[in-house]
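Whatever order the structure lists ligands and atoms in, that order sets their numbers, starting from 1.
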Amino acid sequence: MQERRKSTNVLLDTALQEFYGAADEMGLDEKLIAVLSHSERRIQVSIPVEMDDGSVNVFEGYRVQHSTALGPSKGGIRYDVEVDMDECEALAILMTWKCSLAGIPYGGGKGGIACDPSVMSKKEKERMSRTYGARISPIVGKWSDIPAPDMNTGGQEMVWIMDTISKMRGELEPALLTGKPVSYWGSRGRHEATGRGVATCGLELMKELGKRPDKITAIVQGFGNVGSYTAKTLNDAGVKIVGISDVTGGYYSPDGIDIRKAFECVHSNPKRILTGFEKVGNCEKIDDVLFIDADFLFPCARDGVINRKTAPNIKASYIVEGANGPITPEGDNILASNGVMIVPDFLANSGGVIGSYFEWAQNLQGVFWTEEEYNNKLVHIMKGNFRRVWDYAEARHVTMRRAASMAAIERVAEVVAMRGTFL
Ligand code: GLU
């Protein structure tokens, strides 16, 4: 039996140990455990960028393909100071389970660049994105590995990367990556898809609990792409959002935050942040929204925010993970002993990659769906997947995280068993 992997990187170790735990509970064959606990490809690239002041910075970039068992590896590209190979691998593993659970024909991948995009000009980011695209070009493609936006990246970055690779290959490659702007091969609905999916999971959970949305209070931590559309979708369904936050701090209103005003505030700011929202939004500025007394908490900012230190002070009874990996294993244990129910990230935020699949499928056919068609299909799939995990958890008396892991691993294992270990 091959020795099991451990990592000093918390996110990677969490992904590995959750996999081993679920695999053991399912009685998965040791050979499959060995195969699936390793990534097929981990590449590192250097990205020399001429900065606006004439100096040259060499950034480190990564792309990890954890598994292509079910299809091309799929997953975002993030720009963040904390990006490294292990973080990308952890997130790539998560993508394998996310795509498997979602029922879409993809494996898992993730990439990124270690950088601080908030201090870079648009031109610097363009040069960095294009060079990164050129460097990863040999391993990405519509049938091999399909990138998408992730933390601090969006349609603009996708266009730079796609444009560079298309020029290198001498033909347009729209299905090479997803999350493109609507005006350039993107899909209406993709931008809002992750948040819409997170909120849908929250609303389905309320239904299971027999609670009406208009009797529920919620906190949404993070007001970027995921958080803002999670808050909006919940709010539209009648949920009272009592706290929101972003890099500028937390905002609290027991009467309910005006989400429309929060969108206006963010859109009127070139950095797309909530600067000064306490004045226009008529709410109180606070340090941390995590500890507000509310029914539901939607952490949509970044990984590791609910941990050994913060978990004991959480008052919400239900957590729906909008970000990838917002709860550490220690945090998870504390919440479990406090009876908090958690909808795991790779179910809750899978609306993004399901929406990416819709975009890719349209690009391959050269057709465009209406926004209504896109949203209806997305919500239908999210509801079905939520129910499947809920029923699986009930039947086996396990948490939703464990149930989701087991259901996801089951599908991958079935295919690896058929295809063989050389994938
Ligand atoms: N970055 C998103 C995620 O973590 C979307 C990935 C994709 O669409 O490929 O799920």
Side-chain angles (χ1 to χ4, degrees), residues 11 15 62-68 70-80 82-83 87-113 136 140-155 157-158 161-162 174-181 185-187 189-198 200-201 222 224-227 229-230 299-303 320-326 343-363 374 378 381-382 385 404 408:
L11 209 55
Y62 307 88
R63 185 76 188 165
V64 177
Q65 298 167 349
H66 167 247
S67 170
T68 55
L70 299 183
S73 45
K74 183 88 191 80
I77 291 170
R78 54 171 60 186
Y79 293 174
D80 186 59
E82 300 208 343
V83 167
E87 183 186 270
C88 288
E89 181 169 20
L91 296 164
I93 294 172
L94 204 64
M95 286 308 299
T96 299
W97 311 138
K98 197 182 293 187
C99 294
S100 172
L101 186 71
I104 53 179
Y106 296 137
K110 190 72 98 184
I113 305 176
I136 62 165
V140 294
K142 59 181 176 290
W143 294 112
S144 53
D145 183 8
I146 308 157
D150 199 85
M151 199 188 280
N152 298 326
T153 58
E157 286 75 14
M158 296 305 109
I161 296 171
M162 168 182 154
L176 168 87
L177 42 74
T178 58
K180 299 177 293 292
W185 290 92
S187 291
R190 172 64 185 87
H191 187 61
E192 303 84 357
T194 313
R196 189 184 297 278
V198 174
T200 301
C201 280
N225 174 263
V226 181
Y229 288 105
T230 297
C300 299
R302 62 177 311 138
D303 60 273
V320 183
E321 296 184 319
N324 287 317
V343 182
D345 46 9
F346 62 102
L347 168 62
N349 69 26
S350 62
V353 75
I354 294 170
S356 280
Y357 164 63
F358 294 164
E359 182 181 331
W360 176 78
Q362 291 172 74
N363 290 163
Y374 185 102
L378 180 77
I381 293 179
M382 289 299 304
N385 290 349

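Between the NZ atom of Lys98 and the CD1 atom of Ile354 there is a distance of 10.0 Å, given to the nearest 0.5 Å. Between atom CD1 of residue Ile77 and atom CD1 of residue Ile113 there is a gap of 7.5 Å, rounded to the nearest 0.5 Å.
Within the listing of ligand 1, atoms 3 (C), 4 (O), 6 (C), 10 (O) sit less than 4.0 angstrom from a heavy atom of Met95. Those atoms of ligand 1 with a heavy atom of Gly75 less than 4.0 angstrom away are 9 (O). Remark: ligand 1 atoms within the under-4.0 Å shell around heavy atoms of Lys110 are 1 (N), 3 (C), 4 (O). Those atoms of ligand 1 with a heavy atom of Asp150 less than 4.0 angstrom away are 1 (N), 2 (C), 4 (O). Close approach of ligand 1 to Lys74 (heavy-atom distance below 4.0 Å) involves ligand atoms 7 (C), 8 (O), 9 (O). For ligand 1, the atoms sitting less than 4.0 Å from at least one non-hydrogen atom of Arg190 are 5 (C), 8 (O), numbered in the order shown with element in parentheses. Distances below 4.0 Å separate heavy atoms of Asn324 from the following atoms of ligand 1: 4 (O).
Contact detail for Glu82 and Glu87: the closest heavy-atom pair is O-OE1, 3.6 Å.
When only modelled atom types and interatomic distance are considered, Thr194 and Asn349 share no side-chain donor-acceptor pair under 3.5 Å. Arg190 and Ser356 form a side-chain donor-acceptor contact under 3.5 Å, judged by distance and modelled atom types alone.
Scanning the protein heavy atoms around atom 10 (O) of ligand 1, the nearest turns out to be Lys98 NZ, 2.7 Å. Nearest protein heavy-atom contact of atom 7 (C) of ligand 1 is Ala148 CB, 3.3 Å. Annotation: atom 8 (O) of ligand 1 to nearest protein heavy atom, Ser356 OG, 2.5 Å.
Contact check for Leu91 versus His66: no side-chain heavy atoms found under the 4.5 Å cut-off.
By the criterion of a heavy-atom distance under 4.0 Å, neither the backbone nor the side chain of Pro147 is placed next to ligand 1.
Residue Tyr357 places its OH atom among 12 or fewer non-hydrogen atoms of other residues, nucleotides or ligands, all under 6.0 Å distant.
Checked by atom type and distance alone, the side chain of Asn324 never pairs as donor or acceptor with a backbone atom of Asp345 at under 3.5 Å.
The shortest separation from a heavy atom of Pro149 to ligand 1 is under 4.0 Å, placing the residue in contact.
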